[in-house]
Structure formats: structure tokens, C-alpha cells
Asks: 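I'd like to ask some things about the structure below.
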Amino acid sequence: MASFNLTPSDPSTLILMGIPGLEAAHVWISIPFSMFYDIGLLGNVTVLYVVGKEQTLHKPMYLLIYMLALTDISTSTSVVPKALCIFWFNLKDITMGGCLTQMFFLHAASVMHSAVLVTMAFDRYLAICNPLRYDTILTNARIAKLGLVGLIRAVLFILPMPLLLSRQPFCANRIIPHTHCDHMAVAKMSCGDITANRMYGLVIALVVIGFDLMLIALSYGLIIRAVLRISSKKAHQKALNTCTAHICVILTSYTPSLFSFVTHRFGQGITPHIHIILANLYFLIPPLLNPNIYGVKTKELCDRVGKYTCKM
């Protein structure tokens with residue numbers, strides 16, 4: 001009955017169901033969605049404002065935090081406002097063009113987010129293993145170039161996804177059982193052969209997550225080796241403290257995405273609403289926690305945020 005009523009009359013229109021099976025609880029589900037999004041947005045905008053305003057924070061480490069905040073805002077904003085429209089106003093329609101656009105920005109921001117985390121790991125490696133050359137190797141200009149490379153990589157990797165889908169024939173069923181236009185959720189609506197879409201999505205996930213995690217693991221392997229060579233316990237503690245915030249951000253960023261990827265590909269026995277909730281955690285949890293992690297663990301940033309908060 002619900003599927004019949006929701007069938008769009010316009011062939012170019014799709015229907016986002018939200019969280020199937022939990023439609024009656026959409027309003028209640030929207031409360032944590034809205035709270036997490038608003039708090040995360042406030043935290044990340046604060047980071048952008050403080051780092052942009054304070055000349056003393058125009059250093060590689062804080063410029064990377066600035067880029068991380070931008071990607072956090074991009075990923076959450078590409079999903080949450082539309083999800084809240086579904087939960088609050090039952091506005092489930094989305095055009096095919098709008099759906100593919102949302103998909104592109106969502107996945108591109110996620111790939112860019114991963115690139116920033118890899119650059120942060122390199123930053124920590126230089127700070128601990130080669131501190132004397134840190135300022136000459138990792139300049140602000142080089143950080144900007146690395147950011148540009150990460151952005152170009154994200155665009156080149158993700159652009160084929162919507163392009164491949166735009167060539168697919170779509171049948172009468174245009175109902176997406178999701179809160180947003182996930183690549184595979186849209187591909188499964190096609191009545192054509194989606195083998196290329198499946199393979200491309202899998203390859204991108206393995207290349208981006210696998211390769212980036214390998215680089216991060218390599219950086220921390222070298223950091224651990226360098227730390228173990230230091231005899232002073234105080235130096236050990238200082239070195240580990242410089243990595244704590246980044247490690248926490250890695251865990252909050254990759255854990256939900258990996259868990260969602262594994263359950264989506266191999267967890268056929270898991271109910272659909274669990275899949276969808278897990279997928280949405282990636283867009284809610286990292287943007288919520290990352291500003292707080294760096295605000296607490298990075299004294300200089302914490303002091304500047306406190307200064308501006310007191311002024312306000």
C-alpha cells in the first residue's frame with residue numbers, strides 16, 4: 001500500500017523512504033539527527049572561524065584541522081537536511097539530477113576526508129620522527145598543494161559513479177529505501193546490468209579505504225619505531241600525546257564507514273533499518289566528535305576557542 005501511494009507520477013522523480021520499517025518513529029529519530037547535526041555544525045564552524053581569524057594558528061597542523069572541518073560540514077550537510085525534510089515534512093521526492101548530485105558531493109567529501117586524515121598522519125610522522133626538518137618540509141604552501149591533490153583525487157574517483165548511473169535504465173520502481181542517495185541503493189533500482197557499478201563501487205572503497213589506511217598504518221609504524229628508540233619516559237608521553245587526537249579522529253571516521261560497508265556488502269541477514277542507521281552514523285558521529293576531540297586535545301586551539309567564547 002505504501003509503495004503504491006508513493007509511486008512518483010514524474011518519471012524523473014525518485015522517492016527517498018527514510019528508514020523503512022520505522023516510519024512511525026521518524027519524528028523521534030529526527031531529534032538525535034537534528035541535535036547531532038546542529039552541534040557538529042556549530043563545532044566545525046567555530047573551528048573554521050577561530051583558525052581563519054587567528055594568525056598564530058596559520059600552521060600546517062591547524063590548516064589540516066581546518067580542512068577536516070570543511071569535509072565534516074560537507075558530508076553531513078549533503079545528507080542530514082534532506083533526511084530531516086523526510087522525517088519532519090514527509091518530503092520524500094527528489095529528482096534524478098538532484099539524487100546524482102547529492103551522491104557525488106557526499107562520496108567526494110568522504111574521499112577528501114580520508115585524504116586529509118592521511119596528510120595528518122604524515123604531519124604527525126614528521127613532527128615526531130623528523131622534527132628538525134618539519135618546518136622546511138611541511139610548509140603552508142605544501143599543505144595547500146596536498147589539499148588540492150586530495151580534492152582532485154576525490155573528483156576523479158567519484159565522478160564516474162553518477163555518470164555510470166545516469167546511463168542506466170530505470171524501471172517503474174523508483175523508491176529508494178534510504179535517507180539519501182547511496183550509490184548502491186540507487187544502482188539496485190535499475191533494471192539493467194549493474195555489474196560495472198558494483199565493481200566500481202567496490203574498487204573505489206578498497207582503493208580509498210585500503211590504500212589510505214595502509215599509509216596511515218605505515219606512518220604510525222614508523223612513529224612507534226621512533227618512539228621506542230627514545231629512552232626518556234617523558235619524551236614517550238609527549239610523542240604519544242601529539243598523536244592521541246589524530247588516532248581518535250581516525251577511529252571515529254573509519255569505524256562507522258567500515259562497519260557500514262561490511263554489513264551492506266556481506267550482512268544480508270541484517271534488517272534494512274539497521275543498515276541505514278549504521279550508514280547515517282558516518283555522517284553524524286565524526287562531524288560531532290572531531291571538533292571536540294581537537295578542541296580538548298590541542299591546547300593552543302582550545303585556548304583560542306575559549307578566548308573567542310569569552311568575548312561573545
Side-chain angles (χ1 to χ4, degrees), residues 2 6 13-50 65-95 98-99 101-110 112-113 175-183 185-186 248-249 251-257 259-260 263-264 270-296 305 308-309 312:
L6 289 168
T13 301
L14 307 176
I15 297 292
L16 287 168
M17 287 293 294
I19 305 179
L22 297 177
E23 288 88 352
H26 272 179
V27 174
W28 296 106
I29 294 170
S30 72
I31 295 172
F33 263 67
S34 178
M35 286 178 58
F36 289 175
Y37 175 67
D38 289 342
I39 296 169
L41 189 62
L42 177 63
N44 283 295
V45 168
T46 302
V47 168
L48 293 179
Y49 178 78
V50 172
I65 294 174
Y66 188 95
M67 286 193 281
L68 189 71
L70 282 175
T71 59
D72 279 337
I73 291 172
S74 300
T75 50
S76 60
T77 302
S78 63
V79 171
V80 178
K82 179 59 181 175
L84 291 176
C85 287
I86 296 169
F87 295 154
W88 288 341
F89 310 114
N90 207 35
L91 297 175
K92 300 181 178 183
D93 291 15
I94 186 170
T95 63
C99 187
T101 301
Q102 184 193 53
M103 181 193 305
F104 170 76
F105 281 106
L106 166 63
H107 290 299
S110 300
M112 182 65 191
H113 188 275
I175 298 172
I176 306 172
H178 221 301
T179 56
H180 60 275
C181 291
D182 179 73
H183 174 239
V186 178
C248 291
V249 169
L251 292 175
T252 60
S253 299
Y254 283 115
T255 303
S257 61
F259 199 58
S260 175
T263 55
H264 187 76
I270 299 175
T271 53
H273 63 266
I274 298 296
H275 281 296
I276 295 165
I277 290 170
L278 287 173
N280 280 282
L281 287 178
Y282 175 73
F283 313 117
L284 293 170
I285 301 301
L288 173 70
L289 295 181
N290 290 349
N292 296 295
I293 290 170
Y294 276 108
V296 171
V305 170
Y308 281 101
T309 304
M312 283 188 257

Asks: Distance check, rounded to the nearest 0.5 Å: Q102 atom CD versus K82 atom NZ?
Replies: 8.5 Å
Asks: Heavy atoms, side chains only, cut-off 4.5 Å: are T46 and P291 in contact?
Replies: no
Asks: Is there a donor-acceptor contact under 3.5 Å from the side chain of N44 to the main chain of P287?
Replies: yes
Asks: Could you give the side-chain donor-acceptor pairs of residues 23-30 under 3.5 Å, partners two or more places apart or in another chain?
Replies:
| from | atom 1 | to | atom 2 | distance (Å) |
| --- | --- | --- | --- | --- |
| E23 | OE1 | G21 | N | 2.9 |
| E23 | OE2 | G21 | N | 3.4 |
| H26 | NE2 | I19 | N | 3.1 |
| S30 | OG | V27 | O | 2.4 |
| S30 | OG | W88 | NE1 | 2.8 |

Asks: Report the distance from atom OG1 of T101 to atom CG of L106, rounding to the nearest 0.5 Å.
Replies: 12.0 Å
Asks: Please report the interatomic distance CE(M17) to CD1(I86), rounded to the nearest 0.5 Å.
Replies: 9.5 Å
Asks: For a side chain to side chain contact (heavy atoms under 4.5 Å, CB included) with D72, tell me which candidate from T77, V47, N290 qualifies.
Replies: N290
Asks: In the structure I gave you, are the side-chain heavy atoms of C181 and L16 within less than 4.5 Å of one another anywhere?
Replies: yes
Asks: Not counting sequence neighbours, which residues clear side chain to side chain contact (heavy atoms under 4.5 Å, CB included) with L289? List them please.
Replies: T252, I285, I293
Asks: Report the residues that fulfil ring pair (Phe, Tyr, Trp, His ring centres under 6.0 Å) with H180, sequence neighbours left out, ordered by chain and then residue number.
Replies: H178, F283
Asks: Please find the pair of heavy atoms, one from M67 and one from M112, that lie closest to each other, and give the distance.
Replies: SD-CE, 4.5 Å
Asks: With Y282, which residues qualify under ring pair (Phe, Tyr, Trp, His ring centres under 6.0 Å), at least two apart?
Replies: none
Asks: Applying side chain to side chain contact (heavy atoms under 4.5 Å, CB included), name anything that partners L48, two or more places apart in sequence or on another chain.
Replies: Y66, A69, L70, I73
Asks: Would I276 and N280 count as a side-chain contact (heavy atoms from CB on, under 4.5 Å) if you check the C-alpha gap in whole Å, the side-chain angles of each, and the deciding distance to 0.1 Å?
Replies: CA-CA 6 Å; I276 295 165; N280 280 282; 3.4 Å; yes
Asks: Please name all residues satisfying side chain to side chain contact (heavy atoms under 4.5 Å, CB included) with L284, sequence neighbours left out, ordered by chain then number.
Replies: F33, F36, V80
Asks: Between A185 and I176, which heavy-atom pair has the shortest distance, and what is it?
Replies: CB-CG2, 3.9 Å
